[in-house]
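Written out below as structure tokens is the structure these notes cover.
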Amino acid sequence: MFKITTACLLFFFVIACKQNPHKPANPTGLVTKKAMVVAAREEAASIGAAVIKKGGNAFDAMVATEMALAVAYPFAGNLGGGGFMVYRKNDGSVGALDYREKAPLAAHKNMYLDSLGNVVPEMSTVGATAVGVPGTVAGVMAVHKKFGKLPLEQILSPVIALANKGVIVTEKQAKRLDNSREKFISVNGDSTKFAQVYYKGDTIKYPALANTLNTIMLQGKDGFYKGEIAKKLADFIQEKGGFITEEDLAKYEAQWRNPVIFNYKDLKIISMSPPSSGGITMQQIFKMMEPFDVASFGHNSEKTIQLFTESARRAYADRNYFLGDPDFVTIPTNKLTSDSYLTERMKTFSFDSATASDDIAHGAIEIIESNETTHYSIVDAEGNAVSVTTTLNGAYGSKLYSDELGFFLNNEMDDFSSKPGVPNMFGLIGAEANSIAPEKRMLSSMTPTIVEKEGQLYMVVGTPGGSTIITAVAQTILNVYEFNLSMQDAVNAPRFHHQWLPDLIMFEEEGFTQELKTNLKEKGYKLREGKNPIIGKVDAIRILPNGQLEGGADKRGDDTAVGF
Ligand code: DON
């Protein structure tokens, strides 16, 4: 009798312990009951969470977190850049905001080409010529106007206080500043703030930025895009040889857009629409994978990597050709995302061997990736969710820094296709759809995303990483949904990337065996050799079945989850 009971218990124990993809994994990240902000710096996440605690909603917290990142994380947080927000309110309504930079009025298709038609090195990446019309302040003000609950003063005062008090330099930040110091000096001269060497533990104060933020707090959008700040900014950029005028600034408006919405199995995924490629490209990847029993292949297994890679290869080929600013080009979205088209695209896929990217289209290019954008995820005490990715493009953008106004300017113009077939800094080659035109927005890969399951909020997720953003977001969602990882484990898990061209799989250094790589090579996959960098820095929130929130703050950076 005793033996039978023990055997029964053992049987049930084994069954209970067996990973069940429908039973959510236990959390391994911070868990809170009501609200959470996950961002690249603890200071920014804390200010965002504090705004919610004093009665603000996720949109107030968005304004606070975005501005606090401009203070605490000037590497990517910004007043001189742009971004995208996807939201889901607690009544289930969703939307998106595009505050992407625009080409200035003086821009034209061949502005980065010399008289022989060659791309001028660094003209779209370094210094004033690289700067697009900044969108961030217009973005946060549009959010506050439409959805804000607290007055701007309550939201921005703690940010201004942080700028005045200063931010302590982390080890990673000291390294990043050091890597760019020479460029700061060559672009701005040796009296610029960041010509100085900063060490871990130093405090950097930002009085000029505090003044600029104060004007924005008192005067709103116009305080930045018109009047004294606009004049100083336009004069400064032009003095340095750039194109942006006061008229460009005065004309800038953020755009409310309909997000991309699609189902993957029983998930509903809400992500960014053009001018970001994020949503459509991720939709294509997921839809090509959907017919397969992905969970049964195993996390980061050979089959999973093959299926994901082949879907990404096909999706990125379309991205580079068809996508651009929807205010300027017609994107065949319905066709690109239709089942019949995607089934046709996957007809050449087999687990036996790799498809060559040359069989899909032509080209041979270098891939250069980095993590110079930043993403933050917010859920408030009322269940509203906000997912935001914001950037200066490269590290500290164009490196052009206004000492007078206290912020860096973007080098987003490089996200346009300067010349068809010539890759940008992420190795992405572009086509006519993403060519330069006055007031056009450059194509992006930023993929702020919100996921619903069974009609309920399930995840808020996004990442930096240039062209690797889309694959990193997709893998994080799959890690939770298909492979039953907790939010924090899903964020920590090793990632890989393929973007059609160059025809290479890139693996993060840790977490993939030699045997797996050898097997893939035998099937015809080419792997990127040499030391590979990290892929993305994902900041995400998972909503647990009991309604609590689990943070996933990427261990690859100083990223932190804060909540209550
Ligand atoms: O919008 C884009 O796709 C790029 N400007 C993002 C840049 C980025 O993620 C830089 N960090 N890796």
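Each ligand, and each atom within it, is numbered from 1 in the order the structure gives. Note that this is a predicted model, so its numbers are computed, not measured.
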Go through ligand 1 atom by atom and flag the ones less than 4.0 Å from a non-hydrogen atom of Ser445.
1 (O), 2 (C), 3 (O)
Residue Met446 vicinity, atoms of ligand 1 by number, heavy atom under 4.0 Å
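Near Met446, the atoms of ligand 1 are 1 (O), 3 (O).
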Gly465 to ligand 1: N or O pair under 3.5 Å?
yes
Is Leu443 close to ligand 1, meaning an N/O of one under 3.5 Å from an N/O of the other?
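Looking only at distances, the answer is no, because the N/O contact criterion of under 3.5 Å is not met.
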One residue to check: Met442. Relative to ligand 1, which of side chain, backbone, both or neither has a non-hydrogen atom less than 4.0 Å away?
neither
Once you restrict to heavy atoms under 4.0 Å, what part of Arg100 touches ligand 1? Side chain, backbone, both or neither.
side chain
Return yes when atom CD of Glu509 has more than 12 non-hydrogen atoms of other residues, nucleotides or ligands closer than 6.0 Å, and no otherwise.
yes
Is there a side-chain contact between Ile541 and Met487 (heavy atoms, below 4.5 Å)?
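Side-chain contact under 4.5 Å: no.
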Measuring only between side-chain heavy atoms, which start at C-beta, is Phe84 closer than 4.5 Å to Ser444?
yes
Return the option from Asp415, Asn410, Ile469 holding the heavy atom at the smallest distance from atom 5 (N) of ligand 1.
Asp415
For atom 11 (N) of ligand 1, which of the options Glu101, Lys537, Glu372 provides the nearest non-hydrogen atom?
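Nearest heavy atom to atom 11 (N) of ligand 1 lies in Glu372.
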Gap between atom CZ of Arg556 and atom CD1 of Ile535 - 0.5 Å precision:
8.0 Å
Distance-only side-chain donor-acceptor flag, Tyr341 / Asp318, under 3.5 Å:
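Yes, because at least one side-chain N or O of Tyr341 sits under 3.5 Å from a partner of the opposite role on Asp318.
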Taking the six-membered ring for Trp, are Phe224 and Phe407 parallel (under 30°), tilted (30 to 60°) or perpendicular (over 60°)?
tilted
